[in-house]
Amino acid sequence: MTSPQPATAALQALVLATIEEMIPSDATAPNVQVDRSKAGFSSDFQTPAALQLAKVLRRSPRDIAADLAAKLTPRLGALAEAPDVSGPGFIGFRLSDDALQGYLEALSAAEHLGLEQAGGEHIVIDYSSPNVAKRMHVGHIRSTIIGDALARMGRALGYRVIADNHIGDWGTQFGQIIYAWDHWLDPAAYDSDPVGELQRIYIKFQTEAKEDASLMDAARAELAKLQAGDERNLALWKQFIAASRHVFDAVYDRLGVVFDVTNGESHYNDMLIPLVDKMHDEGRLIAIDGGALAVAFGDQDIERPKRMVVRKSDGAATYATTDLATVFYREQTWAPMRCIYVTDSRQKEHFQHVFSVVRDMDVTTDLQHVMFGIMSSPEGSLSTRAGNAIPLDELLDEATRRARASLEERLPADFDGDKDALAEMIGLGAVKYSDLSNNPASNIVFSWDKMLSFEGNTAPYLQYTSARTHSLLAKAAAAGLEPDGTTLKLADPLERDLLLHLMDFGPTVRAAFDQGKPNTLASWLYDVASKYHSWYAACPVLRSEDRELQISRLNLTRLAQRMLVRGLDLLGIGAPQRM
RNA sequence: GCGCCAGUAGCUCAGUAUGGAUAGAGCAGCGGCCUUCUAAGCCGCUGGUCGCAGGUUCGAUUCCUGCCUGGCGCACCA
């Protein structure tokens, strides 16, 4: 449930109470909408309630609006001025300066900046999930960045988030890698770059297997040995995981991404056969040719029946079985209210199936699939097998390099901070924001220039805004001026607009989290920066003659700064004090 | 064959869950603004039959139906 910001909520309640007096007792009041007025209107908020009532009351909307506005006037008290009626019957509200001052004071005093606090319920977020023995490439960034942003937002909203990295550390590929290890390994290359070499021989296996189908059988044999507990294969497998996790961790450290647990697919191995047996006993499975067991789904297409194999004919479980076992494990371990899966949209149907199976088996956890579109290159799809994906660390290096070059041009001579750290913050911020500012559902065509742009709607623009607020507040402090968190003097429409926008921080984070759309928060932050800059250009602070106005403007600056810094942090992006 | 996602300005995208007033940004283009709190900035201009056709509604980019185009899925891979 998304709760509106305080002023909207207050107006909604007043409009609803008034409407209920106007309609017949047997009629139901329509949903009362109260929205921010669009630019160009003198009101702050507007409601189309009178239009919605026209049918119920069988009167003209303008007439109803006039009546409703008149009845509302005494009830608004000190909250707003007398409402106006415009257009076909929209009622506009303009908050009183006193009411706005109250909201400024409340937000300035609130440690949580208007973020409503849940009661510490557990929420599991499953994201990143790279495959062992492969380098992370640009295709992995979306799940990692979106999942991390959701984890940060969930914590800020008062949930106990369990960030779980469900790494791909089991399955068919390991038979292939072990076969490749025995035939093509370059030990020297493995010593210097273990994961790079594992990936190289894995790709070689894919290429060779296309020519010689018998390789697949050989790989299956190695996999069977591994699954049966063969000591050598088991040792190799553990070695691959250790090497890969070491490399993953370096990337996560750099990105500032932290997991609470890394329960890979193999973590669930012991739970799979008992689960299949249980499902079989409960009559949930059908046998298909060769002895495999599967769950069948309704609305069967004649040509291609939809089913989910949970036990192969050789007795082994599948990734689907693992996903089922994972749900049960998490429910038993944490009893979470919600579990969020951050994966690409190709897995949508798979998760629908998994969710429907476990719900039948009395799982009550709210299961949510946050899916995102596919990243491709201008030439086509990205994949490790095809070897055309840009490694993640190369992308991050290039981002930092470009940010560093930009800093060399722009930083003043007296800058005495750590330029490398600043370049890293700006470069990585740009990469993360370019992803987070898109609706996750849309597909992305990779572009260096787009991902590493520093102007317009980008992280560096937001970071720059934050740096300006720091600079201004520092100069004010040097002149003996400090924000007091209470003074508000509105001399320009732009400051009113800025404050009204800042009042939406809490509801915006709530909506972004609930909908699994960090871009909602990114977009709100961009509006903060944009409105702040317009205001900044029009409303002098230190150069103002009026001390009350100076303090008021410092209050707006301070509040905007706190929300920018906090909001960027929720996206996993740092905010420098100077840039 | 069945299903999912998308189609909004020259380009890249928001907005659509809960239908509301003239559909918003960025980039690109044109014109202004740094002796004045950081020009990664600000201000202005140019640019749209919201894929097409119907329907519901006082009102549709948003909801419904059909169609067109693009992407993806429907493995004893994960």
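Chain letters run A, B, ... following the sequence lines, proteins first and then strands; every chain starts at 1. Only a predicted model underlies this, so the values are computations on that prediction, with no experimental measurement involved.
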For RNA chain B, produce a single dot-bracket line, 5' to 3'. Pairs: Watson-Crick or G-U wobble, both distances under 3.5 Å. Symbols: ( ) within strand, [ ] crossing, | other strand, . unpaired. (((((((..((((......[...)))).(((((.......))))).....(((((..]....))))))))))))....
Between protein and nucleic acid, restricted to nucleotides 29-35 of chain B and to nitrogen or oxygen atoms under 3.5 Å apart, what atom pairs and distances do you find?
none

When you check every protein heavy atom under 4.0 Å of nucleotides 21-27 of chain B, what one-letter string (B, S, -) results, 5' to 3'? BB--SSS
Using ring centroids (six-membered ring only for Trp), state whether Phe355(A) and Tyr341(A) fall under 6.0 Å. yes
Looking only at side-chain atoms of Val309(A), point me to the closest of U36(B), A75(B), C13(B). A75(B)
Apply ring pair (Phe, Tyr, Trp, His ring centres under 6.0 Å) to His533(A) and list each qualifying residue two or more places apart in sequence or on a separate chain. Tyr461(A), Tyr464(A)
Just the table, please: protein N/O against nucleotides 44-48 of chain B N/O, every pair under 3.5 Å.
none

With a 3.5 Å cut-off and no angle check, do the side chains of Thr557(A) and Arg553(A) form a donor-acceptor pair? no
Does OP1 or OP2 of A6(B) have a side-chain N or O of Ser442(A) closer than 4.0 Å? no
So, does Lys306(A) get its side chain near the phosphate of C2(B), meaning an N or O under 4.0 Å from OP1 or OP2? no
Please state whether the phosphate of G3(B), meaning OP1 or OP2, lies under 4.0 angstrom from any side-chain nitrogen or oxygen of Lys348(A). no
Short side-chain N/O contact from Lys312(A) to OP1 or OP2 of C77(B), under 4.0 Å: yes
Please name all residues satisfying side chain to side chain contact (heavy atoms under 4.5 Å, CB included) with Glu265(A), sequence neighbours left out, ordered by chain then number. His166(A), Asp169(A), Trp170(A), Thr322(A)
Given the C1' atoms of G48(B) and G66(B), what is the spacing between them in whole Å? 25 Å
Listed by chain and number, what are the side chain to side chain contact (heavy atoms under 4.5 Å, CB included) partners of His267(A), not counting sequence neighbours? Asn263(A), Met271(A), Tyr329(A)
Just by distance, do the side chain of His140(A) and the backbone of His137(A) share a donor-acceptor pair under 3.5 Å? yes
Contact under 4.0 Å: Tyr464(A) side-chain N or O vs C42(B) OP1/OP2: no
Side chain to side chain contact (heavy atoms under 4.5 Å, CB included) partners of Asp414(A), counting only residues at least two apart: Pro412(A), Arg578(A)
Apply side chain to side chain contact (heavy atoms under 4.5 Å, CB included) to Pro493(A) and list each qualifying residue two or more places apart in sequence or on a separate chain. none
Set of side-chain hydrogen bond (donor to acceptor under 3.5 Å, both in side chains) partners for Ser442(A), sequence neighbours left out: none
Distance-only polar pair, side chains of Gln206(A) and Gln176(A), donor-acceptor under 3.5 Å: yes
Contacts of Phe205(A) meeting ring pair (Phe, Tyr, Trp, His ring centres under 6.0 Å) (sequence neighbours excluded), chain-then-number -> Tyr179(A)
side-chain N/O Asn519(A) vs G15(B) OP1/OP2, d < 4.0 Å: yes
Output all residues satisfying ring pair (Phe, Tyr, Trp, His ring centres under 6.0 Å) with Phe415(A), sequence neighbours left out; order by chain, then residue number. none
d(NZ, Lys517(A); P, U16(B)) in whole Å: 6 Å
Worked verdict on Phe240(A) versus Trp237(A) for ring-ring contact (aromatic ring centres under 6.0 Å, His included): CA-CA 5 Å; Phe240(A) 300 158; Trp237(A) 170 70; 9.3 Å; no
